[in-house]
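So the structure is just underneath, and the comments pick up after that.
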Amino acid sequence: MAGMPNEIADEKYPGLYFSSLRIDEKYPGGESPIENFTRIKETFNKLCIDQINQNHNENVLVVTHGGVINIIYHIVKGIEWTNKNKFNPALNTSIHKIEYRGGKWELTLENLTPHL
């Protein structure tokens with residue numbers, strides 16, 4: 001369904017939405033919500049561990065969409081994630097800042113948009 005216009009997706013797969021899938025049910029030709037979550041969590045955790053281990057004070061920029069930001073919010077805030085949870089809205093082109101403080105990762109800026 002990636003890249004498919006909404007009208008065609010609705011016609012071809014009526015009522016099929018990410019939040020309507022069982023946690024282990026795959027999109028046609030795609031991944032399940034739990035596979036999506038696991039892939040994002042593993043990548044995010046690796047990025048965080050790499051930053052701690054390298055002990056650099058360098059910034060890392062990650063460009064992604066609201067679905068990934070939503071999952072990262074759940075991870076950082078320690079909230080159990082499912083595809084049925086309320087979505088943390090990410091404004092278009094907004095900036096979200098995560099910093100390592102006191103031995104843990106924290107969201108320090110959410111939905112920042114001064115560049116607009």
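Within the 4.5 Å cutoff, side-chain heavy atoms of Phe37 are placed close to those of Ile75. Residues Ile98 and Cys48 fail the side-chain proximity criterion, which asks for heavy atoms closer than 4.5 Å. Side-chain contact between Val76 and Phe44 is present, with heavy atoms from C-beta onward closer than 4.5 Å. Taking 4.5 Å as the limit, some side-chain heavy atom of Ile23 sits within range of a side-chain heavy atom of Trp81. Looking only at side-chain heavy atoms (C-beta outward), Ile72 and Trp105 stay at 4.5 Å or farther from each other.
Partners of Glu31 according to the side chain to side chain donor-acceptor pair (under 3.5 Å) rule, which considers only residues two or more places apart in sequence or in another chain, are Asn36, Arg39. With sequence neighbours left out, Val60 forms a side-chain contact (heavy atoms from CB on, under 4.5 Å) with Leu47, Gln51, Val62. Scanning for salt bridge (Lys or Arg N to Asp or Glu O under 4.0 Å) contacts around Lys46 gives Asp50, with sequence neighbours left out. Lys84 pairs by the side-chain contact (heavy atoms from CB on, under 4.5 Å) definition with Thr82, not counting sequence neighbours. Residues passing the salt bridge (Lys or Arg N to Asp or Glu O under 4.0 Å) test with Lys77 are Glu110, sequence neighbours excluded. By the side chain to side chain donor-acceptor pair (under 3.5 Å) test, Ser20 is found to be paired with no residue, residues two or more places apart in sequence or in another chain being considered. Partners of Thr64 according to the side chain to side chain donor-acceptor pair (under 3.5 Å) rule, which considers only residues two or more places apart in sequence or in another chain, do not exist here.
Pairs passing the side chain to side chain donor-acceptor pair (under 3.5 Å) check and including a residue from residues 67-76, sequence neighbours excluded, read Asn70-Asn88, Tyr73-His96, His74-Asn85. Evaluation of the salt bridge (charged side-chain N to carboxylate O under 4.0 Å, His left out) test over residues 85-99, restricted to residues two or more places apart or in two chains, returns Glu99-Arg101. Residue pairs meeting the salt bridge (charged side-chain N to carboxylate O under 4.0 Å, His left out) criterion with at least one member in residues 13-30, sequence neighbours excluded: Arg22-Asp24, Arg22-Glu25, Lys26-Glu35.
Linking ILVMFWY side-chain heavy atoms closer than 4.5 Å, directly or via other members, places Leu112 and Leu107 in two distinct hydrophobic clusters.
Counting Ile, Leu, Val, Met, Phe, Trp and Tyr side chains that sit under 4.5 Å apart, directly or through other members, Val63 shares a hydrophobic cluster with Leu61. Cluster note: Leu91 groups with no other residue, as no ILVMFWY side-chain heavy atom lies under 4.5 Å from it.
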Between Ile34 and Asn83, does a side chain to side chain contact (heavy atoms under 4.5 Å, CB included) hold up when you go through it step by step? CA-CA 8 Å; Ile34 194 64; Asn83 59 319; over 6 Å; no
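Note: Thr113 OG1 to His115 NE2 = 6.5 Å, rounded to the nearest 0.5 Å. The line from OH of Tyr13 to CD1 of Ile8 is 11.5 Å long, rounded to the nearest 0.5 Å.
When all heavy atoms of Gly66 and Ala90 are compared, the closest pair comes out as CA-CB, 4.1 Å.
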